[in-house]
Amino acid sequence: MAEDLPKVLVLGPPTCFAILEPLYSHKFHFLNLKALGLSLHQFILSHRHHPSSILAVLCSISYSITADVLGLLPSLRLVVTASVGTNHIDLHECRQRGIQVASAGKVFSEDVADMAVALLIAVMRKISAADRYLRTQNHSSPWDFPLGYKLSGKRVGIVGLGSIGMEVAKRLDSFGCVILYHSRHQKTVVSYPFYSNVVELATSSDALVVCCALNEQTRHMINREVILALGKGGFIVNVGRGGLIDEKQLVKCLIEGKIEGAGLDVFENEPRVPKELFAMDNVVLSPHSATYTVESVLSLCKVVAGNLEAFFSNKPLITPVMLVE
């Protein structure tokens, strides 16, 4: 019976849950608050499942695991997020309470890198604008469409040379691009030029691909100074988190023609997108979908279930998040 299985409180729920639940409902008793029509406080008050019986939580990136949330679940020992990023989780509080955290690990790296390069090509070669042009224009006269820019040989600055950044670099190498990068630390395993200053990286680049983690140190790291350093012929692609870029300044610089264009999969106040972007032919938009392919979602389900199985079997997590002080 489901009541006898390990309980997993589902908050969000994550996008993959519709696939995950039927595959693993024989192993775990998933308590999906959205399906139950309950808020977390209502669930706690219902007493059908006492809070002390909840040892594990599965959450989406849209659900904030704050100190207040953790305080409502006194026996909680594991938070599994179906995302690479963990900026929606109070990691310090988890560490203080002895709660383990697991993420999606590297399961999305290749897919996000594919999207980063796709967005860069799309905005540089004006693919979305060309599609709209053919669909909406009266073509009784000869086509008159503006020139795009070639990707091959361009100097591309990667902001964040982690697992995703490395995959982006690998793909852009194939286009003959010159790879530059900024990261927390210089990587000894690569020979790409390292820039400790993002402004200097932007000055030396034709395009920036932003794919680092969002935290207090990286929030708005791509500010007006960085954007202006990139210059009028420059392009920005963001597949990290919306808050990495000062979105108001990006919109302003695009309106003023300070940079050539942008490819954006993430936004600062999702699901809201600045309305000014919709009318811009030099901007390509995507609804935070870089991580989601058929293949990656199935892989994510395996990673999530693997972490839950490891936890309830008293084994090491598959994709643990390091909880530093």
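In this chain, numbering begins with 1 at the start of the sequence shown.
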Side-chain donor-acceptor contact under 3.5 Å, S62 with S60: yes
Sub-3.5 Å donor-acceptor pair from the side chain of [X] to the main-chain atoms of [Y], do we have one?
X    : Y    : value
S39  : Q42  : yes
S109 : K106 : yes
S183 : L161 : yes
N307 : A102 : no
S75  : S53  : no
S296 : T293 : yes

ring-ring contact (aromatic ring centres under 6.0 Å, His included) partners of residues 295-321, not counting sequence neighbours, each pair once: none
ring-ring contact (aromatic ring centres under 6.0 Å, His included) pairs, two or more places apart, involving residues 202-260: Y149-F235
Residues forming a ring-ring contact (aromatic ring centres under 6.0 Å, His included) with F194, sequence neighbours excluded: Y181
Contacts of type ring-ring contact (aromatic ring centres under 6.0 Å, His included), residue F17, not counting sequence neighbours: F30
Within-4.5 Å side-chain heavy-atom neighbours: L277 and L254: yes
salt_bridge(K27, E309) N-O dist < 4.0 Å: yes
Criterion side chain to side chain contact (heavy atoms under 4.5 Å, CB included) against L78, the qualifying member of V101, I99, L308, L55: L308
Positive for side chain to side chain contact (heavy atoms under 4.5 Å, CB included) with S289, one of T15, D111, D265: D265
Pairs satisfying salt bridge (Lys or Arg N to Asp or Glu O under 4.0 Å), at least one member in residues 171-196, at least two apart: D114-R171, E167-R171
Where at least one partner belongs to residues 125-143, residue pairs that pass salt bridge (Lys or Arg N to Asp or Glu O under 4.0 Å), sequence neighbours excluded: D131-R135, R132-D281
Shortest non-hydrogen contact between V79 and C59, atoms and distance: CG1-SG, 4.1 Å
Geometric class of the F28/Y24 ring pair [parallel <30°, tilted 30-60°, perpendicular >60°]: tilted
